[in-house]
Amino acid sequence: MVRAFFSCLFLLIIAGAAGPAFSEERYQAFAENRGWTVAYDRQDKVCIASPKGGKGGLFFVRPNGKDVVVLIASGKLGWLTNEEDYDVVVHTDRRKWTGTMRANVTDGSGGLYLSNPHASFMAALRDAGRMTLSVDNVSYGPFSLSGSNDTLKQLADCARALERGDFSPAKTEETSEAQEVTIGSGMMVDWTRADFGKTYSGEDWTLTLSGEENDEGTATAVLTVRHKEKGETVIRLETGPDEMARGQIGIYPLQWAVPGVVFSSFSGGAHCCTAVSLAHASDDAVKTVELGTFDGFGVAPADLDEDGNVEFDLRDDRFLYAFSSYAESVPPVKIMGLRDGEARDVTREDAFRPVVERRLTASMRACFEQSTAGVCAGALGNAALLGYYPAALELMALEEIDKQMEDYFLDCDDTTACKGKKRFEDFAEAAGWRLGNWGYETGAALDDKVTAFVAELARAKDGFAAEDADPETEYSCDMGPLTFEYDAAKGKALVRGYEYGCNFGAASVLKESLVVDLLCSGEADFWLDRHIYERDGERLMSLSATGALDTGGATRFKPCPAKAEPRP
């Protein structure tokens, strides 16, 4: 509830629409006092108290008579990029409260919230006239608290009215005769407004689709989910009005190879948005899980790791518009799955490494061909998921990317995960800064054992050639020997061969062997390789796990003789 509500609330704050300027179509006025407006939010089905006349401040939300959510919202808090707890200090003109609040970063919104705050927090607000918030030693505010005592009482009355059903919307008329549709496991079917009233059944599930019109011109798709043994629940998702209403319903094995329900709804618009919820049968009830809201229409469940359960092959929508226009943005892969009844980002799990590897090589090829910032940033995201970020950056035509990158994408403000930085120097700095703030691993430092191993190999300036190589064939001393390079200043290493080069990703020394993940390029192509190098005196044994040298097994190399210095 907090995510969906807060995203919409933030848009209203940015537009300066707090307090009495709330849309009458969406918000039904309930009460007001000298400092606050209390209203019922028809879209999110909650009571909300908002301060009058401000573009930010303290908001109260009550979805029912028991629960309350406190939001401190401000556009200046847009630097919050991780949905985690932050240590905060709330000062009022009467007392101080110290604790933690959780950041909500949905759709770039800026704010912190508390669910069912402790009495000490509410005591700090009582009879106070204003408040400030300190996060990371930076103060925000002051925000007005005028009339907050009356507001809390009025909000409680609104919540009781909500529970009585005083605000219940009228259900839409069913536009088709009720009929039952059978869905097999592993099947996703599309629905539209014309399907309101239909019942879908499959495995142990019975699903009834209906809808509600909202006064502000939107609609809600309602799916009543019943399991033959575990009971029922209801999923509500925003959808488009009238004939724009559409989405998908499916039954898939979500976890432990047990069929569950996938329900999605499209809100409409050129690029936005599909909300997805899942339902599964737990030990004692039917539980629902919000998978999230994603750009575009629909999702495609697929068993990506072949374990009998489906995952959701998505993308990181934070990359959209961050480096280029929507049309030129190609975000990195993001894989979601159900784990122990919770929706989780499983992209970095070892089982999905092959999926990410395929996306990385494809995105590197696209970056090579187009050299546009939106495409190359997505390639860097895929590379960072596998520990190849520095290697991928070294293989990009950065000057060409900078030449094509629109200048205004280098500007930075408090809504783009920049944490106070105003402008980036170039694409490389913008990508490193943003991806780092988004939780991507942009560093891949090589340890001392690895650097010592590579530095020793790099001393063979003329490289190594296969012992049985014909002088006029590749991998010979004359036709592209293996050469190693190590740049201590940049902390990077690479190996070159016949018409290809490989940059080091993750690497380690095991006993006398160097094991390294390589990102390779050559002849306008890109590939990944895991390689083992082992010294045998002056000789070198090389073994490719993926066939980069096109050999059936290990290859033994010998140092190439030093080339004679040219005569002056």
Side-chain angles (χ1 to χ4, degrees), residues 1-4 83-84 106 181-191 199-209 221-237 247-266 273-294 296-317 332-359 385 439:
M1 183 278 296
V2 173
R3 285 189 176 188
E83 187 170 345
E84 61 187 29
T106 304
V181 177
T182 300
I183 304 178
S185 182
M187 178 186 297
M188 186 74 85
V189 298
D190 293 343
W191 61 262
T199 296
Y200 303 81
S201 62
E203 300 294 333
D204 295 328
W205 297 97
T206 302
L207 317 170
T208 301
L209 179 67
V222 181
L223 189 69
T224 301
V225 180
R226 289 184 292 274
H227 187 273
K228 73 173 185 177
E229 296 178 350
K230 304 297 184 178
E232 71 175 56
T233 189
V234 176
I235 303 175
R236 306 168 64 88
L237 297 177
Q248 295 176 307
I249 297 173
I251 297 176
Y252 287 85
L254 299 177
Q255 59 179 355
W256 307 307
V258 177
V261 176
V262 180
F263 180 46
S264 74
S265 178
F266 186 60
C273 288
T274 294
V276 184
S277 287
L278 311 175
H280 64 97
S282 67
D283 291 339
D284 56 357
V286 175
K287 300 292 181 64
T288 60
V289 179
E290 291 184 9
L291 189 68
T293 301
F294 311 102
F297 173 75
V299 293
D303 186 0
L304 299 175
D305 58 350
E306 299 181 351
D307 68 344
N309 302 304
V310 297
E311 291 79 33
F312 297 86
D313 190 350
L314 306 164
R315 60 185 185 176
D316 190 339
D317 288 343
V333 63
K334 179 180 180 180
I335 302 171
M336 299 286 290
L338 200 63
R339 295 290 186 272
D340 297 324
E342 297 181 359
R344 295 179 186 170
D345 184 340
V346 298
T347 316
R348 291 176 171 85
E349 290 185 3
D350 289 342
F352 304 107
R353 187 178 180 92
V355 177
V356 185
E357 289 179 344
R358 290 192 293 270
R359 302 299 167 79
L385 292 170

Test side chain to side chain contact (heavy atoms under 4.5 Å, CB included) applied to Val289 and Glu342, step by step: CA-CA 7 Å; Val289 179; Glu342 297 181 359; 5.7 Å; no
Residue pair Ser277, Ile235: steps toward the side chain to side chain contact (heavy atoms under 4.5 Å, CB included) verdict: CA-CA 7 Å; Ser277 287; Ile235 303 175; 3.6 Å; yes
From CA spacing to verdict: side-chain hydrogen bond (donor to acceptor under 3.5 Å, both in side chains), Asn309, Gln255: CA-CA 5 Å; Asn309 302 304; Gln255 59 179 355; over 6 Å; no
Using the side chain to side chain contact (heavy atoms under 4.5 Å, CB included) rule, take Val225 and Thr288 through it: C-alpha gap first, then chi angles, then the decisive distance, then the call. CA-CA 10 Å; Val225 180; Thr288 60; 6.0 Å; no
Going through the checks in order, is the side chain to side chain contact (heavy atoms under 4.5 Å, CB included) test met by Asp345 and Met336? CA-CA 5 Å; Asp345 184 340; Met336 299 286 290; 4.0 Å; yes
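Residues Leu254 and Gly260 come closest through the heavy atom pair CD1-CA, 3.8 Å. Smallest separation of non-hydrogen atoms from Leu291 and Ala343: CD1-CB, 4.0 Å. Considering every non-hydrogen atom in both Cys273 and Thr293, the closest pair reads CB-CG2, 3.6 Å. Contact between Lys287 and Ser282 at its shortest, heavy atoms only, is CG-OG, 3.6 Å. Closest approach of Met187 to Ile183, counting heavy atoms only: O-CG2, 3.6 Å.
No more than 12 heavy atoms of other residues, nucleotides or ligands lie within 6.0 Å of CG in Asp350, so this atom counts as exposed by the packing criterion.
Trp205 places a side-chain N or O within 3.5 Å of a backbone atom of Pro259 that can act as its donor or acceptor partner. Using a distance-only test at 3.5 Å, with no hydrogens or angles considered, no donor-acceptor pair links the side chain of Tyr200 to the main chain of Gly250. With hydrogens and angles ignored, the 3.5 Å screen pairs a side-chain donor or acceptor of Thr347 with a backbone N or O of Ile335.
Exactly one residue among Thr224, Val286, Thr208 makes a side-chain contact (heavy atoms from CB on, under 4.5 Å) with Val234. That residue is Thr224. Considering Ser264, Ser265, Pro301 in turn, Ser264 is the only one that fulfils the side-chain contact (heavy atoms from CB on, under 4.5 Å) rule with Val276.
Within the 4.5 Å cutoff, the side chain of Val262 has heavy atoms near those of the Phe312 side chain. For the pair Thr199 and Thr206, the minimum side-chain heavy-atom distance is below 4.5 Å. Val189 places none of its side-chain heavy atoms less than 4.5 Å from the side chain of Gln248. Taking 4.5 Å as the limit, some side-chain heavy atom of Val299 sits within range of a side-chain heavy atom of Met188. Taking 4.5 Å as the limit, every side-chain heavy atom of Leu209 sits out of range of all side-chain heavy atoms of Leu207. Contact check for Trp256 versus Asp340: side-chain heavy atoms found under the 4.5 Å cut-off. Counting only heavy atoms from C-beta outward, the side chains of Glu349 and Arg339 approach each other to under 4.5 Å.
To the nearest 0.5 angstrom, Tyr252 atom OH is 12.5 Å from Glu203 atom CD. To the nearest 0.5 Å, atoms OG (Ser201) and CZ (Arg226) are separated by 10.5 Å.
A salt bridge links Asp313 with Arg359: the distance from a Lys NZ or Arg NE/NH1/NH2 to an Asp or Glu carboxylate oxygen falls below 4.0 Å. Of the charged side-chain nitrogens involved, none lies within less than 4.0 Å of a carboxylate oxygen, so that Lys334 and Asp316 do not count as a salt-bridged pair.
Checked against salt bridge (Lys or Arg N to Asp or Glu O under 4.0 Å), Arg353 has the following partners two or more places apart in sequence or in another chain: Glu357, Asp517.
Contacts classified as salt bridge (charged side-chain N to carboxylate O under 4.0 Å, His left out) and involving residues 298-312 (residues at least two apart or in different chains) are not found.
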